[in-house]
Structures are given as C-alpha cells and as structure tokens.
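Values reported hereafter were calculated over all heavy atoms of this structure, with side chains retained and with hydrogens, waters and symmetry mates removed. Just so it is clear, the model here is predicted, and its values are computed rather than measured.
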Amino acid sequence: MTNQEIAKILYEISAYLEMQDVAFKPRAYEKVAEVVESLSEPLTSIHSKGGIKAIQDVPGVGISIAETIEELIKTGHSKHYEELKKNTPVDLANLIRVEGLGPKKIKALYNKLGVRNLKDLEKSAKAGKIRKLAGFGPKSEENILKGLDFLSRSSGRFTLGAALPLVRETEDRLRGLKGVKKAQVAGSIRRWKETVGDVDILVVSDKAELVMDYFINMPEVGRVLAHGKTKSAITLKNGLDVDLRVLPPESYGSALAYFTGSKAHNVALRQIAINKGYKLNEYGLFKGERQIAGKTEEEIYKKLGLDYVEPELRELTGEVEAAQEHILPNLIKRSDLRGDLQVQTNWTDGEKSIKEMASAAMKSGLEYIVITDHTKRLAMTNGLDERRIVQQMKEIDKVNAGLKAKGLKFTILKGSECDILKDGTMDLSDSTLSKLDVVGASVHSHFNLPREDQTKRIQKAISNPSVDILFHPTGRLIQRREAYAVDMGAIIDSAKKTKTVLEIDAFPDRLDLKDEYIRQCVEVGVKMSIDSDAHTDSHFSVLEYGVAQARRGWAKRSDIINAWPVSKMLKFLK
DNA sequence: GCCGTTTTCGGCCCGACTGTTTTCAGTCG
C-alpha cells in the first residue's frame, strides 16, 4: 500500500468521524493523513525496518492510528474503517469532492434523502428535493448541480509547467492595477511543487474592492466561487482554481507565510509560537493584542528563533528542526548554473543547429553546453550511428573555433544521449563513447521489464566506464506516464559506487529525479546535474524548474556538477 | 486520538465566506 492510499483512508476515517459528530478525533486523523501524504519514505519501508514502533515515530501518530496503519500495510484492510463505512454506506470519497459538501451535509443528505453517491445526489438535486431540507435552500441545490457539472469536466491537478505561466501573467496584470503595491503568488506554486491543485495570490492594496472587481471579471474566469471584501475565489475556464486575498501591508509577510504553506509546516510554526506565548495567524505574530512581527516572513522566522526557511523546503520534512539548529543548507540557485549537460540539435530530433543552441545557451547566462543527440536505436529521431557522431564531433570543433575567433568564452562539449539497450549494453561502441567528453545514458524502450530486471539493466549501463550520467533516471512523465518499475535505492547505491551522476531533467513534465530521490542523493553524496533536455532554443528557460526541484531536494551548489566550472566538471567525470 | 520546557489530564489553529438563518453552522484553506 502506498502512502497516498493510506492517507486517503485516513482522510475518509476523519470524515466519517466528523459525520458522527465525534469531537477532536477527526482532526487527529486528518493531521496524520496530511503528514503521511508528504512523507518522503514509504510507510511500508518504515514499517519493515522498525515495525509499529517506527510508525509511531511519525508525528501525530499514536498507538491507535499506528495500529490502523499497520493493519493496512499487513492486510490491505482496516476493521475500524470498514465498520464506519458500514454504518454510513456512502461514497464519501467522491461526494466530498463536490464543492460545498462536507461530512455534515453529506450525512443530512443520506439520512433524509438516502443519497449514497454522486448519481443519487444529482437525481435529488434535479428533482428539487434538496432545497426543501432544513439547512439547505435553492442556492445550495443550484451549487450542488454546478459542483457536479464541474467535477465531471475537471481534470484535477495541473502540472506546474502548465499553471505557472498563466499565474505569472495574472500576477503581472494585478500588479499593474491602480492602488496595488504588491502581488505575489503563494501556495504550492511558490513552493514549486510539481503539480498544482489550486493557486493562491496575495495582493497588498488600499483599494481592495477595485482589485476584487477586476479579478472576478477577468476574461478567463469560468466561475466565481466566492466574492468578498478580502477574499475571492474563482475557477478559470480551463478548470484551475484561483484564490485571491487582499491584505494590509503590515500583514503581508505573515499572510505570505500562511498561504505559502505547507499546511503541516504552518502548524509547526504556530505550535512554536504558542510555546513561546505568542499567537501566529495570517495577520501577524502577536503577543497578546500587540503585533510583534508580520510585515515580512523573515522577521516572523527570526522572532520564532528560526533561520529563514526557503519556500521550497516548507514541507515539514526536517526543515523546522534544521532552522532551529541553524543548519539549513545553502540551496543551489539558478544563477549558480554554468552549463547544461543535455541539449539536442537538428542532427536528431531537436529543432535548431549546434550553433543556434550554443548562442541561446549563452544568452541564458551559461558558459558551456554538451551536445547530446540521440543514438541509432531511436530510429524515429534519426539517431546518430558511429559514423555520424564522428562527423558531429568535427562540426563541434568547427563551431568552437568560430566562437573563439569572435573572442567568445563559451565551450561546446561533445556528448551523447546514448540508448541503454534491453540487456544493459550501450547503443554505441565503447571505443566511440570513449572519444566523447560527456556520455549520458537513457532508457527509451522496454519500460515494462520486471523491477528486478530493469534495475539490473540500468546498473549494468552505469557501470560502463564511459557512462558519466544517467539521464531522466525513472522515465516518468508527470500525469501521463508512471515511472518504470525500478529500485531507485539500489540505483543510487550503484551510482555512488561507480561515480555516476544522476540527472535532474528540468523539463516540467519530467522533473526526473523527483525531490525525494534528490534528497537521498544529497544525503549519500551522489552528484547530480540539472539539465534542460532542450530541443529548441527557447527551452533553456526550463532550467528554473530543475533548479527548484533540486532545491526541494535540499541540493547545494556542490551537489550539482554543472554548477561547477567546466574544467572541474570534466575532471570529475569518469 | 494525540500530546506535554507550565500539563499524564485537559486541552486541541483559526479566520473568511456562504447560505441559511435572525445569531449561526458548515465548509474551506
């Protein structure tokens, strides 16, 4: 059972208890569900290492919830959960997704109208039965129908790459409004989470109503969910939910912290505030009635005795303790990147020439790139064979000479994105690979091998003395293709032994390595590269996603080899 | 159900908005 599946059941238990008016327990289950969701290690592995005792070490988990989790891991079932479900046999997981419906209303709908699932709900709403219930009215009935309609069309979460450009544009337009002093996106986008459920934007303005009016009337708005003086919420036509808050300047920092989250991180901050005799909310840090911080995030962390925590780290995975002990890492920045180790050209499936890609990389502030076109196994990309790659090496020499003649300090290195064949051997001969500056190895076929075989295949490839980097190590495409089955713990171990670099592919639908693997690499000392995987000249812009992902994995400049000068980087490679 | 640098008992984060009410419960984040 995955952490996500366990979290889902804990959320449901919480909702069932809430339904029955049980006090405090719902919050206890919900808290644990939130923690479990963002845990970097699978509960199954925590359990297999340390048993139920180790489960109890997860924050918020006591005897009772630990037993439920252990039961789920061992049997896939929970008696407690099934008992609750038997008492109120409703499709809680789906009903609760309807905007405006919570446990209490679902209970009333079940008790009075026998609503068990979305279908029943739609029937009752359409028959006009819901408006007659106590506590409901015509408006709630209408909202339920709207919510159902939205659910049937909604695609759920967005990739960060799809949401961020839209959000930046909205931010810019809000900044341009009269009376607006600041506009800043918070929420999971500010933490650079790879997918986005909804968007939170904060605005400092003394003309709140004007801002709200503008916001709910933007042309891309599909539906207005709430419209108040300080808070409004909309759904865009493409299904993305956006919340807007207008704040006074003295609360900007506390609101930014509050709405940036994560929720678990905030709860931890709040607890520290309480322990110090303060109160922390979105309006500031208070001692009694007096605000003692709130204008900036920095002063809030400082007053709580913490070092400033970068948004990418605020997932309650040890950053609060590290901030207390003043041992937070100095995270890598976009400006630290000097090179890009995966770039394709029109020799295979890229759009631009070697020269054009080099010039775009220079404009992006880089000092070197590695040309890594595909190899012959990927016939559909016109992959290079031994003969053509030798030609390409000559071409690179020529372009480098041209750059030097112009007095430009930029280096184009010779490389390859060489296919890993089914048996773990490489698509180009060792003698060819050994002539290249940088060899990347990639899996592009046989995604469905059994986990053990896939792991061995990749281990064999990276033990090749010419292979420097494993490109997009797990092959996932966010929301489109699962990672292939592979034991990443074993791959990271092998990378350490063979001195192989693991890539963080920065393309926003890959972000492969994901954050938790990056953190494992940092912990054991496996070096990584942040590469654009550029297929055209505009693609160097995706490097910022890769840097953010690296930061989410606690990576420093010393962990990322293309943040090093080219000579040091080359010396490090095999 | 969980937790403890006042506590092993007695507290639990908290404010905005909506739709129903006529002072508030439910939902959301």
In whole Å, measure the gap between the C1' atoms of dG1(B) and dT5(B) for me. 24 Å
Separation of Ile63(A) atom CD1 from dC2(B) atom C1', in whole Å? 11 Å
Taking only the P atom of each, what is the distance from dT21(B) to dT27(B) in whole angstrom? 15 Å
If you measure from the C1' atom in dT18(B) to the same atom in dT23(B), how many Å do you get, rounded? 15 Å
Check every atom of dG29(B), dT18(B), dC2(B) against the side chain of Ile65(A) and return the nucleotide holding the closest atom. dC2(B)
Rounded distance (Å) that lies between atom P of dG1(B) and atom CD of Gln20(A): 12 Å
Rounded distance (Å) that lies between atom P of dC17(B) and atom CG of Asp243(A): 11 Å
Option from Glu312(A), Glu315(A), Glu310(A) for which salt bridge (Lys or Arg N to Asp or Glu O under 4.0 Å) with Arg191(A) holds: Glu315(A)
Distance check needed: dG1(B) P versus Glu70(A) CD, whole Å only. 16 Å
Whole-Å C1' distance, dC2(B) and dC13(B): 15 Å
Would you kindly say whether Tyr308(A) and Glu297(A) are connected by a side-chain donor-acceptor distance under 3.5 Å? yes
Check the side chains of Arg190(A) and Thr260(A) for a donor-acceptor pair under 3.5 angstrom, ignoring hydrogens and angles. yes
Per atom distances to the Lys104(A) side chain, the nearest of dC2(B), dG26(B), dT20(B) is dG26(B)
Side chains of Glu71(A) and Thr75(A): donor-acceptor distance under 3.5 Å anywhere? no
Where protein sits on nucleotides 3-14 of chain B, one letter per nucleotide: B base, S sugar-phosphate only, - none, heavy atoms under 4.0 Å: S--------BBS
Taking dT18(B), dA16(B), dG19(B) as options, the one with an atom nearest any side-chain atom of Thr230(A) is dA16(B)
Do the ring planes of His265(A) and Tyr301(A) sit parallel (below 30°), tilted (30 to 60°) or perpendicular (above 60°)? tilted
Comparing nearest nucleotides in DNA chain B, the 5'-proximal residue of the pair Glu141(A), Leu101(A) is Glu141(A)
Does any N or O in the side chain of Glu5(A) come within less than 3.5 Å of the main-chain N or O of Thr2(A), such that one atom is a donor and the other an acceptor? yes
Between Gly137(A) and Ile106(A), which has a closest nucleotide on DNA chain B that is more 5'? Gly137(A)
Expressed as a whole number of angstroms, how long is the span from Asn143(A):CG to dG19(B):C1'? 9 Å
With syn defined as a glycosidic torsion within 90 degrees of 0 and anti otherwise, which applies to dT20(B)? anti
Can you identify which nucleotide, out of dG26(B), dG29(B), dG19(B), has its nearest atom closest to the Asp198(A) side chain? dG29(B)
We want to know whether Thr317(A) and Arg519(A) form a side-chain donor-acceptor pair, criterion being a heavy-atom distance below 3.5 angstrom. yes
Figure out the CD1/C1' separation between Ile234(A) and dC17(B), and round it to whole Å. 16 Å
Using a cut-off of strictly less than 4.0 Å, decide whether Lys231(A) has a side-chain nitrogen or oxygen near OP1 or OP2 of dA16(B). no
Please tell me whether Tyr11(A) and Glu34(A) have a donor and an acceptor in their side chains that are separated by less than 3.5 angstrom. no
Heavy atoms only, 4.0 Å cut-off, all strands: where does Lys25(A) land among base, sugar-phosphate and nothing? base
Taking atom P in both dC17(B) and dC12(B), what distance in whole Å separates the two? 25 Å
How long is the line joining CZ of Phe136(A) and P of dT21(B), in whole Å? 11 Å
Below 4.0 Å: OP1/OP2 of dC17(B) and any side-chain N or O of Ser232(A): no
Pairwise P distance for dG26(B) and dT20(B), with rounding to whole Å: 14 Å
Which whole-number value in Å describes the distance from Tyr11(A) OH to dG1(B) C1'? 17 Å
The test is ring-ring contact (aromatic ring centres under 6.0 Å, His included); show your working for Phe507(A) and His472(A) and say whether it passes. CA-CA 10 Å; Phe507(A) 236 81; His472(A) 46 71; over 10 Å; no
What does Asn266(A) touch in the nucleic acid at a heavy-atom separation under 4.0 angstrom: a base, only the sugar-phosphate, or nothing? nothing
Just to be sure I understand the rule, does Pro103(A) reach a base, reach only the sugar-phosphate, or reach nothing, if contact means heavy atoms closer than 4.0 Å? sugar-phosphate
Taking dA16(B) as the reference, what is the distance to dT6(B) when you measure between their C1' atoms (whole Å, please)? 33 Å
Partner nucleotide of dC14(B) by Watson-Crick or wobble geometry (both distances under 3.5 Å): dG29(B)
